> 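Mind looking over this structure? Questions follow.
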Amino acid sequence: MTEKTPVDLWFDPFCPFAWATSRWLLEVEKVRPIEPRWHVMSLNVLNEGKDVPERYREQIEKAIGPVRVVAAARAEHGDGVVGPLYTELGTRLHNQGAIKELDRLRETVEDALEAAGLDRSLADVMDSEKFDGDVRASHRAGIDLVGEDVGTPVIRVGTNAFFGPVVTSVPKEEDAGRLWDGVLLVTEFDDFFELKRTRTRSPRFD
């Protein structure tokens with residue numbers, strides 16, 4: 001059996017682009033010998049002290065809640081619960097559109113916890129700073145790999161780390177593998193830093 005390569009991905013559950021990239025990584029796992037491992041980072045922490053639109057500031061201040069819940073779940077139950085909980089959170093927030101109903105965020109998080117086999121009471125930490133140290137440590141571990149001027153998602157493969165890739169739909173089957181191969185190819189060059197074009201589509205998850 002081919003040994004699987006660990007691939008670490010840092011995410012904020014609120015970020016639709018991280019969600020699309022994470023679903024792509026799961027597709028890659030079906031066609032390439034990789035093992036995704038999941039870590040939180042925080043859009044709220046990332047944008048501390050930055051001049052961002054007030055509406056976005058209000059959203060990311062709420063976004064810290066689910067991040068805290070994931071950190072709490074990991075602290076209490078281990079790394080193995082992070083991926084399944086992220087899947088349940090992201091499915092509700094992005095595929096089902098709950099991100100547009102922030103007044104019901106607590107209910108969304110509780111439903112995700114239950115679906116992941118965890119106690120709904122973990123949602124109590126959404127408004128607590130108890131696990132903020134864990135959140136900041138995980139965030140810093142990811143962002144230190146790629147620098148301050150990028151965001152989520154961050155991916156690490158061995159000593160190779162990068163932001164993205166940013167995709168607006170989720171490649172499937174061998175298309176997922178081909179994109180993976182290409183991303184690894186360019187990012188393994190030490191002097192390669194950026195490849196970008198203007199984004200003209202919003203993420204979709206169908």
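In this chain, residues are counted from 1 in sequence order. Model, not experiment: these values are computed from the prediction.
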> Side chains of E27 and W180: closer than 4.5 Å at any heavy-atom pair?
no
> Are V166 and F11 joined in one hydrophobic group, where the rule is that I, L, V, M, F, W and Y side chains link up if heavy atoms are under 4.5 Å apart?
yes
> Examine V70 and V81 and state if one hydrophobic cluster contains both, with Ile, Leu, Val, Met, Phe, Trp and Tyr joined whenever side-chain heavy atoms are less than 4.5 Å apart.
yes
> Output yes when R104 and E110 qualify as a salt bridge under the 4.0 Å nitrogen-oxygen rule, no when they do not.
no
> Got a second to check how far F162's CZ is from F192's CZ, nearest 0.5 Å?
10.0 Å
> Tell me, do W24 and S22 make a side-chain contact under 4.5 Å, heavy atoms counted?
no
> Are the charged groups of D181 and R178 less than 4.0 angstrom apart, N to O?
no
> Carefully, step by step, assess E88 and D111 under the rule side chain to side chain contact (heavy atoms under 4.5 Å, CB included).
CA-CA 8 Å; E88 298 300 339; D111 289 347; over 6 Å; no
> Starting from the C-alpha separation in whole Å, work towards a yes-or-no answer on side chain to side chain contact (heavy atoms under 4.5 Å, CB included) for D12 and V67.
CA-CA 7 Å; D12 184 312; V67 175; 3.7 Å; yes
> Can you establish whether the number of heavy atoms outside R199 located under 6.0 Å from its atom CZ is more than 12?
no
> Would one find more than 12 heavy atoms of other residues, nucleotides or ligands at under 6.0 Å from atom CD of E48?
yes
> Any side-chain heavy atom of L9 sitting closer than 4.5 Å to one from W38?
yes
> May I ask you to test the I99-F14 pair for a side-chain heavy-atom distance under 4.5 Å?
yes
> If you compare all heavy atoms of L26 against all heavy atoms of P36, which two are closest, and at what distance to 0.1 Å?
CD2-CG, 4.4 Å
> Would a hydrophobic clustering, with Ile, Leu, Val, Met, Phe, Trp and Tyr connected at side-chain separations under 4.5 Å, put V146 with L195?
no
> For P16 and P203, which heavy atoms make the closest approach, and how far apart are they?
CB-CG, 3.9 Å
> May I ask you to say whether E35 pairs ionically with K4, meaning some side-chain N is under 4.0 Å from a carboxylate O?
no
> P153 and F163: which non-hydrogen atoms are nearest, and at how many Å?
O-CD1, 3.1 Å
> Is a donor on one side and an acceptor on the other found under 3.5 Å between the side chain of R68 and the backbone of M126?
yes
> Can L145 be reached from V186 by stepping across I, L, V, M, F, W or Y side chains whose heavy atoms are under 4.5 Å apart?
no
> Is there a side-chain contact between W10 and H139, using heavy atoms and a 4.5 Å cut-off?
no
> Is the Lys NZ or Arg CZ of R23 less than 6.0 Å from the centre of W19's six-membered ring, within 45° of the axis?
yes
> Quick test of your reading of the model: are D79 and R74 salt-bridged, counting only N-O distances below 4.0 Å?
yes
> To the nearest 0.5 Å, what is the distance between CD (Q96) and CD (E101)?
10.5 Å
> Between atom CG of L43 and atom CD of E61, what is the distance when rounded to the nearest 0.5 Å?
12.5 Å
> Please determine whether a side-chain nitrogen of the Lys or Arg among D124 and R106 lies less than 4.0 Å from a carboxylate oxygen of the Asp or Glu.
yes
> Between K50 and L46, is there a donor-acceptor pair closer than 3.5 Å when you use the side chain of the first and the backbone of the second?
yes
> Does the pair I34 and L25 meet the rule for a side chain to side chain contact (heavy atoms under 4.5 Å, CB included), with working shown?
CA-CA 9 Å; I34 69 165; L25 201 61; 3.8 Å; yes
> Got a second to check how far N44's CG is from K62's NZ, nearest 0.5 Å?
12.0 Å
> Between T21 and V170, is any pair of side-chain heavy atoms under 4.5 Å apart?
no
> Side chains of L113 and V69: closer than 4.5 Å at any heavy-atom pair?
yes
> With rounding to the nearest 0.5 angstrom, report the CZ to CD distance, R92 to E107.
10.5 Å
> P13 versus L93: any side-chain heavy-atom pair under 4.5 Å?
yes
> Mark yes or no for whether T87, through its side chain, and G83, through its backbone, hold a donor-acceptor pair below 3.5 Å.
yes
> Begin with the C-alpha distance, continue with both residues' side-chain angles, and end with the deciding distance and a verdict on side chain to side chain contact (heavy atoms under 4.5 Å, CB included) for F17 and V167.
CA-CA 7 Å; F17 298 105; V167 294; over 6 Å; no
> Quick check for you: to the nearest 0.5 Å, what is the distance between I64 atom CD1 and S128 atom OG?
11.0 Å
> Do R140 and E148 meet the salt-bridge criterion of a basic N to acidic O distance under 4.0 Å?
yes
> May I ask you to say whether R57 pairs ionically with E54, meaning some side-chain N is under 4.0 Å from a carboxylate O?
no
> Shared ILVMFWY cluster between V28 and L184, side chains joined below 4.5 angstrom?
yes
> Please report the shortest heavy-atom distance between E174 and V31, naming the atom on each side.
OE1-CB, 4.2 Å
